[in-house]
Protein chains: 2
Amino acid sequence: MTNRRDAVRDILVHSEGFRSAQDIYAQMRSDGAKIGLTTVYRALQALADAGQIDVLRTDDGESVYRACATGTHHHHLVCRRCGRTVEVAGPAVERWAEAVGAEHGFTAITHTVEVFGTCPSCSAIASAG
Amino acid sequence: MTNRRDAVRDILVHSEGFRSAQDIYAQMRSDGAKIGLTTVYRALQALADAGQIDVLRTDDGESVYRACATGTHHHHLVCRRCGRTVEVAGPAVERWAEAVGAEHGFTAITHTVEVFGTCPSCSAIASAG
DNA sequence: CCGATTTTGACAACGGTTTTCATTCTGGAG
DNA sequence: CTCCAGAATGAAAACCGTTGTCAAAATCGG
């Protein structure tokens, strides 16, 4: 039964930004779901393995997950204040990464790129307050 | 006394790629140094705070450190096989990150970029073996 | 040398993640 | 429906890197 897995994915699909496993677990429990933390982790791993969600590590070592709109390669622009996330394509970076790798004779280039900033709403709040 | 701190930095300076705290600790002990793991962590934090070393998280949540040649902003091209690291400047990425942020109205843009690949030596080994 | 301050490091605590293992659920066979 | 095998589940323990605690040791100023 992948019932729980679907439930976990559902949370992610309806979330704006990245969510942590514990976060998702807490929400499911407060929604009344009978699910264990273990199962949340397992569902998350399964989804990540299936390429249905993205995973990345925060600076404090927590894994965060997000259901991405597309299955294609892209990066994220994340608001450091509210967590709002925008998916961005970056042909320029892809080319840059390839070029940099090639320049040093490296092959099979991959890369991780994350852009952080303060979103318009949060900027407004910040400058107002 | 920053004796230990210097010792820790020394290890990093003479290392090719990124090293983990535990890794550094192990090496110092096997070199005969009388030092505690706690102190290694503290030294690493101090060095990172002083901007003398770079820190990043591996995919499995471990923090790894590296003494960088320059104090200016740059990124890393890391061999996924042997860990060899090349510091690369990427004006193009900087501009791209700024542009992407601005395009969505985000301010105070920062970014993390890491490029991974297989270095020439390791490529040779791989194709040979 | 003496006291104040800092540094050190063994050990415990922490927190997120993973493993363990007994229980529950599922689906097919009889 | 009952029985069984295999998969899924989840509570609790184990793990592991990291951080905090606190007493002992080193260092500095006088």
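Naming: A, B, ... by sequence-line order, numbering from 1 per chain.
- Ring-plane geometry between A:H75 and A:H111 is classed as tilted, the angle between the planes lying from 30 to 60 degrees on a 0 to 90 degree scale.
- Rounded to a whole Å, the CZ atom of B:R5 is 14 Å from the C1' atom of C:dT6.
- With sequence neighbours excluded, the residues satisfying salt bridge (Lys or Arg N to Asp or Glu O under 4.0 Å) with A:E87 are A:R66.
- Applying the side-chain contact (heavy atoms from CB on, under 4.5 Å) criterion to B:A26, with sequence neighbours excluded, gives no partner residue.
- Spacing between atom CG of A:D60 and atom C1' of C:dG15 amounts to 10 Å, rounded to whole angstrom units.
- The side chain of B:R4 contributes an N or O atom lying less than 4.0 Å from OP1 or OP2 of C:dG9.
- Scored by the side-chain contact (heavy atoms from CB on, under 4.5 Å) test, A:L56 finds A:F18, A:V64, A:E114 as partners (sequence neighbours excluded).
- When rounded to the nearest whole Å, the span between CG of B:N3 and P of C:dT8 equals 8 Å.
- When rounded to the nearest whole Å, the span between CD1 of A:I24 and P of C:dG16 equals 14 Å.
- Looking at residues two or more places apart in sequence or on another chain, you find no salt bridge (Lys or Arg N to Asp or Glu O under 4.0 Å) involving A:D10.
- Under 4.0 angstrom from either OP1 or OP2 of C:dG9 there lies at least one side-chain N or O belonging to B:T39.
- The distance between atom CG of B:L44 and atom P of C:dT8, rounded to the nearest whole Å, is 13 Å.
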query: What string of B, S and - do you get for nucleotides 11-21 of chain D, 5' to 3', if B is base contact, S is sugar-phosphate-only contact and - is no contact with any protein heavy atom under 4.0 Å?
result: BB----SBBB-
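- For A:R57, there are no salt bridge (Lys or Arg N to Asp or Glu O under 4.0 Å) partners at least two apart in sequence or on another chain.
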